[in-house]
2 protein chains.
Amino acid sequence: MATDAIPAPVSDQNLSRKIGRSSRMKCPAPFLSKTYDLLEEQEEESNINKIVSWNGEGSGFVVWCPAEFSEVMLPKYFKHNNFSSFIRQLNTYGFKKIASKRWEFQHEKFQKGCRHLLSEITRKKYEPSAFPTYLNPSAKNIILGSTKEEINTSRQLLMEENQNLKREKMELQMQIAHFKALEVKLLQCLTQCMESPHNKN
Amino acid sequence: MATDAIPAPVSDQNLSRKIGRSSRMKCPAPFLSKTYDLLEEQEEESNINKIVSWNGEGSGFVVWCPAEFSEVMLPKYFKHNNFSSFIRQLNTYGFKKIASKRWEFQHEKFQKGCRHLLSEITRKKYEPSAFPTYLNPSAKNIILGSTKEEINTSRQLLMEENQNLKREKMELQMQIAHFKALEVKLLQCLTQCMESPHNKN
DNA sequence: GGGAATATTCCC
DNA sequence: GGGAATATTCCC
């Protein structure tokens, strides 16, 4: 039946929101728990059959067979069967691909036997107005350690942000113009109202 | 089999991105197409069996049986079986619930027989700062004829302008907050003024 | 690898 | 109903 494949709601999602992940977070992101679960599940398979497993040191994991992994395992834990979407999430949470010829990923806080570390892993934040980390404005030394191209990239990003800010400023100014006009009208109304209440009655 | 329930990729998703939905858009959002499809599919059912259908005038639609709709129809078109998520999407696209005792929804541009209108429906915008990532081509030349130091100077100037723009933006936002508060007060005054034919004449 | 749009979930 | 976080998709 079709609905079978829709994963049951994950219980730990509820709690995590209320607490907020900022300082003392209890619940790992669902993506991390599920990925960890999925590795635990595979631990029970014999080595020969493993689609995915922890690496030798337990410091990362390897997807041995991406095709099977995507078709069989992903839908059991996620709402899709696309390897690329899984990779996208890994990147979002700061995992690194640490081998060139196989799909091995690692994250400092994602280790075999250390489920409790998961809650220390955070999403990379998407901050619309902030600088990318490598463009930290306080980093005045940028010019020393960077190539012309890198500085120029930084410059272009600033230019882009600049355009956005100007547009936003314009929009805000339009809003203000609107409010000013409104204020004038309201004051007119009020004045009329105060000046001539007598006549009608 | 589990993977059966994962909807096949929808072909019209590809095109819509490239074009951009701003002014002359060709492709409706997947959510809209799918919802329309789902209604078309039900058109073939006899009236007695309908889980969902267009309303009498074709100006909206009614989910007659939310339970069955969620369990049976949603998973065929979406990656979930939650009625509330469907509702959330309807709200995102500006649909209105137009009956109190049944699940009837309406949107000006969502009408029976008018699939072409779908592409005029837009998401309500959540827009912190949106500007398509363009790379300024004319500015690319700067890198050829300039030294690292010169580019960096340009960069620093932009950074400065940027800071200023942010400050200005903040100030404008404060002005707007001020106007909003003022508007509330004026409206209160006006209301009082109108309600109480003061001056006791 | 990551930006950004859309989808889904959760919460108020 | 909608804000906001997370998930999924698409594209560069």
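Chain identifiers are assigned alphabetically (A, B, ...) following the order of the sequence lines, protein sequences preceding nucleic acid strands; residue numbering begins at 1 within each chain. If you're wondering where the values come from, they're calculated on a predicted model, not measured in any experiment.
A donor and an acceptor atom, one from each side chain of B/Ser59 and B/Asn55, are located under 3.5 Å apart. Side-chain contact of B/Thr92 with B/Arg88: a donor-acceptor pair under 3.5 Å is present, judged by distance alone.
Contact of the B/Lys112 side chain with the B/Glu57 side chain is not registered, since no non-hydrogen atoms from C-beta on lie closer than 4.5 Å.
Atoms CZ (B/Phe86) and P (D/dG1) sit 14 Å apart, rounded to a whole Å. To the nearest angstrom, C1' of D/dA7 lies 5 Å from CD of A/Gln89. Put simply, NZ on A/Lys97 is 14 Å from P on C/dG2, counting in whole angstrom units. The separation between A/Ile121 atom CD1 and D/dA7 atom P is 12 Å, rounded to whole Å. Regarding A/Tyr77, its OH atom lies at a distance of 14 Å from the P atom of D/dT8, rounded to whole Å. Regarding A/Ile87, its CD1 atom lies at a distance of 19 Å from the P atom of D/dC11, rounded to whole Å. Rounded to a whole Å, the CG atom of A/Leu90 is 12 Å from the P atom of D/dA7. What separates CG of B/Asn91 from C1' of C/dT8 is a distance of 14 Å, to the nearest Å.
Here B/Tyr93 does not reach the OP1 or OP2 of C/dT6: none of its side-chain N or O atoms lies under 4.0 Å away. Applying the 4.0 Å criterion to OP1 and OP2 of C/dT9, one finds that A/Lys79 has a side-chain N or O inside that range. When the side-chain nitrogen and oxygen atoms of B/Arg88 are compared with OP1 and OP2 of C/dC10, none of them lie within a distance under 4.0 Å.
Closest to the side chain of A/His80, from the set C/dG1, D/dT8, C/dT6, is D/dT8. The side chain of B/Asn82 has C/dT9 as its nearest neighbour among C/dT9, C/dA7, C/dT8. Ranking D/dT8, C/dG1, C/dA7 by closeness to the A/Lys124 side chain, first place goes to C/dG1.
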Donor-acceptor pairs under 3.5 angstrom involving side-chain atoms of residues 61-68 of chain B: please list them, not counting sequence neighbours.
| unit_1 | atom_1 | unit_2 | atom_2 | d |
| --- | --- | --- | --- | --- |
| B/Trp64 | NE1 | B/Ser53 | OG | 2.8 |

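Within 6.0 Å of CD in A/Glu41 there are more than 12 heavy atoms belonging to other residues, nucleotides or ligands.
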